Amino acid sequence: MNDKETLVKKTIFSGVQPSGMLTVGNYLGSIKNWKEFEETYNCLYCVVDLHAITVRQDPATLRRRTYETLALYIASGLDPEKNTLFVQSHVPAHAELSWVLNCYAMHGELSRMTQFKDKSKKYASNINAGLFTYPVLMAADILLYQTDLVPVGIDQMQHIELTRDIANRFNQVYGDTFRMPEGFIPKAGAKIMSLAEPEKKMSKSDTNGNASVYILDSRDDIIRKFKRAVTDSDTVVRRAEGKDGINNLMTIYTAFTGKSDADIEAEFAGLGYGHFKLAVGEVVADALAPVHAEFDRLMADKAYLEGVMKDGAAKAAYLARKTLSKVYRKVGFTQPK
Ligand code: AQP
């Protein structure tokens, strides 16, 4: 990406934490949708490892998952020549801008973040400051690249709103510094629910083995998990209030097939839940099979992945440094000569 392209095209930024095996929720809410932007936007997609350590991670596992997450980006169709793919900790400007923005983010607004409240309950013995300021680091990720659009699942929208508030506050004090980003939510798949507790979001860190379907689960596991998905005592496949499990399965089926609710209701009329669950499992397994094959190929070629990381970090660092220098000048830091 050169300076001219940066000026003409709008910019997209998004990322996923290497905090576990990526789920079908991560796939449908984020990475599956990223490819459509690669011709028309400057796209930066980051493996956000700094975010991941807000929850304790085993170092060797985190390292492996960082490679795996990058490999999954590429295996899901992202072309490293057309997208800037990189690892967050390879670009120090993320942590640097995050510190500055911490001084423009309010304790009260951070306390209201749903994810902080949820994760404080889930990790009650480790409510660290990083968990609290997580959204400020996310604001830095986005604002560093003068991002226009942030494709994310619904769970991250509150953080995008906060990013806008922080950017506005900074711009009001120092004049126009940051572009105002917008969130972009996919039509189908913005919030995939747990298969075991369908009133809860599907998460990669869920400890219930039946709750989340992982992108890299085997075909048999995918089908087994969908067959066991919690539904309700009705038998008719239709979207309705109180049918969280079926609604979720319909959303997943739509996201993979493009079929509308009416199409799905007609297709499974008179067939009952068993047929439907099996069909969803098969559709998901079929769609993920080519991703698995490409993932295996990429993971066997670490040198290639390291090359992608290195090139991506160099491109991202160049762009990030421009914004960071501007911010440092505006707040009154001296610049080394
Ligand atoms: N269930 C979901 N449905 C749709 N989108 C989802 N995303 C996450 N879960 C769902 C989207 O995936 C992207 C990356 O998420 P993340 O790794 O930054 O963190 P997260 O939102 O906290 O995801 P998890 O899976 O719940 O991770 P853990 O368990 O580690 O906290 C984001 O665009 C997110 O919206």
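Ligands are counted one by one from 1 in listed order, and the atoms in each one are counted from 1 as well. Quantities reported herein were computed from a predicted structural model and do not represent experimental measurements.
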### Message
Suppose the criterion is ring pair (Phe, Tyr, Trp, His ring centres under 6.0 Å): which pairs have a residue in residues 181-228, not counting sequence neighbours?
### Response
Phe37-Phe184

Ligand-side contact atoms (ligand 1) for residue partner [X], heavy atom cut-off under 4.0 Å:
X	value
Lys191	3 (N), 4 (C)
Gln115	22 (O)
Ala190	3 (N), 4 (C), 5 (N)
Gly153	5 (N), 33 (O), 34 (C), 35 (O)
Ser19	30 (O)
Asn26	7 (N), 8 (C), 9 (N), 12 (O), 14 (C), 15 (O), 23 (O), 25 (O)
Ser203	24 (P), 25 (O), 26 (O), 29 (O)
Gly25	1 (N), 2 (C), 3 (N), 4 (C), 5 (N), 6 (C), 10 (C)

### Non-hydrogen side-chain atoms of Asn83 and Tyr41 separated by less than 4.5 Å
no

### Task
Run through Tyr73, Tyr27, Phe13 and flag the one making a ring-ring contact (aromatic ring centres under 6.0 Å, His included) with Trp34.
Tyr73

What protein heavy atom sits nearest [atom], and how far off is it?
atom	value
atom 32 (C) of ligand 1	Gln156 CG, 3.9 Å
atom 29 (O) of ligand 1	Ser205 OG, 2.5 Å
atom 25 (O) of ligand 1	Lys204 N, 3.1 Å
atom 13 (C) of ligand 1	Ser30 OG, 3.5 Å

Under 4.0 angstrom from ligand 1, any heavy atom of [X]?
X	answer
Asp155	yes
Gly15	yes
Lys119	yes
Gly189	yes
Leu28	no

### Distance-only side-chain donor-acceptor flag, Asn208 / Asp206, under 3.5 Å
no

### Query
Is the backbone of Asp165 close enough, under 3.5 Å, to the side chain of Glu109 for a donor and an acceptor to pair up by distance?
no

### Query
Would you find a donor on one side and an acceptor on the other, under 3.5 Å apart, between the side chain of Gln146 and the backbone of Arg179?
yes

### Message
For Arg224, is the CZ atom crowded, meaning more than 12 foreign heavy atoms sit under 6.0 Å from it?
### Response
yes

### Query
Which is closest to atom 3 (N) of ligand 1 in terms of heavy atoms, Thr54, Ile192, Val16, Val150?
Ile192

### Query
For atom 24 (P) of ligand 1, which candidate among His51, Gln17, Lys201, Met193 holds the nearest heavy atom?
Lys201

### Query
Can you tell me how far the CD1 atom of Ile222 sits from the CG atom of Asp217, to the nearest 0.5 Å?
5.5 Å

## Note on the structure
Rounded to the nearest 0.5 angstrom, the CZ-CD1 distance for Arg239 and Ile264 is 7.5 Å

### Query
Are His159 and Phe116 close enough that their ring centres sit under 6.0 Å apart?
no

## Note on the structure
Given the options Ile185, Ile142, Thr163, Val150 meets side-chain contact (heavy atoms from CB on, under 4.5 Å) only with Ile142

### Query
Out of Asn42, Leu144, Leu44, Thr11, which residue meets the side-chain contact (heavy atoms from CB on, under 4.5 Å) rule with Leu319?
Leu44

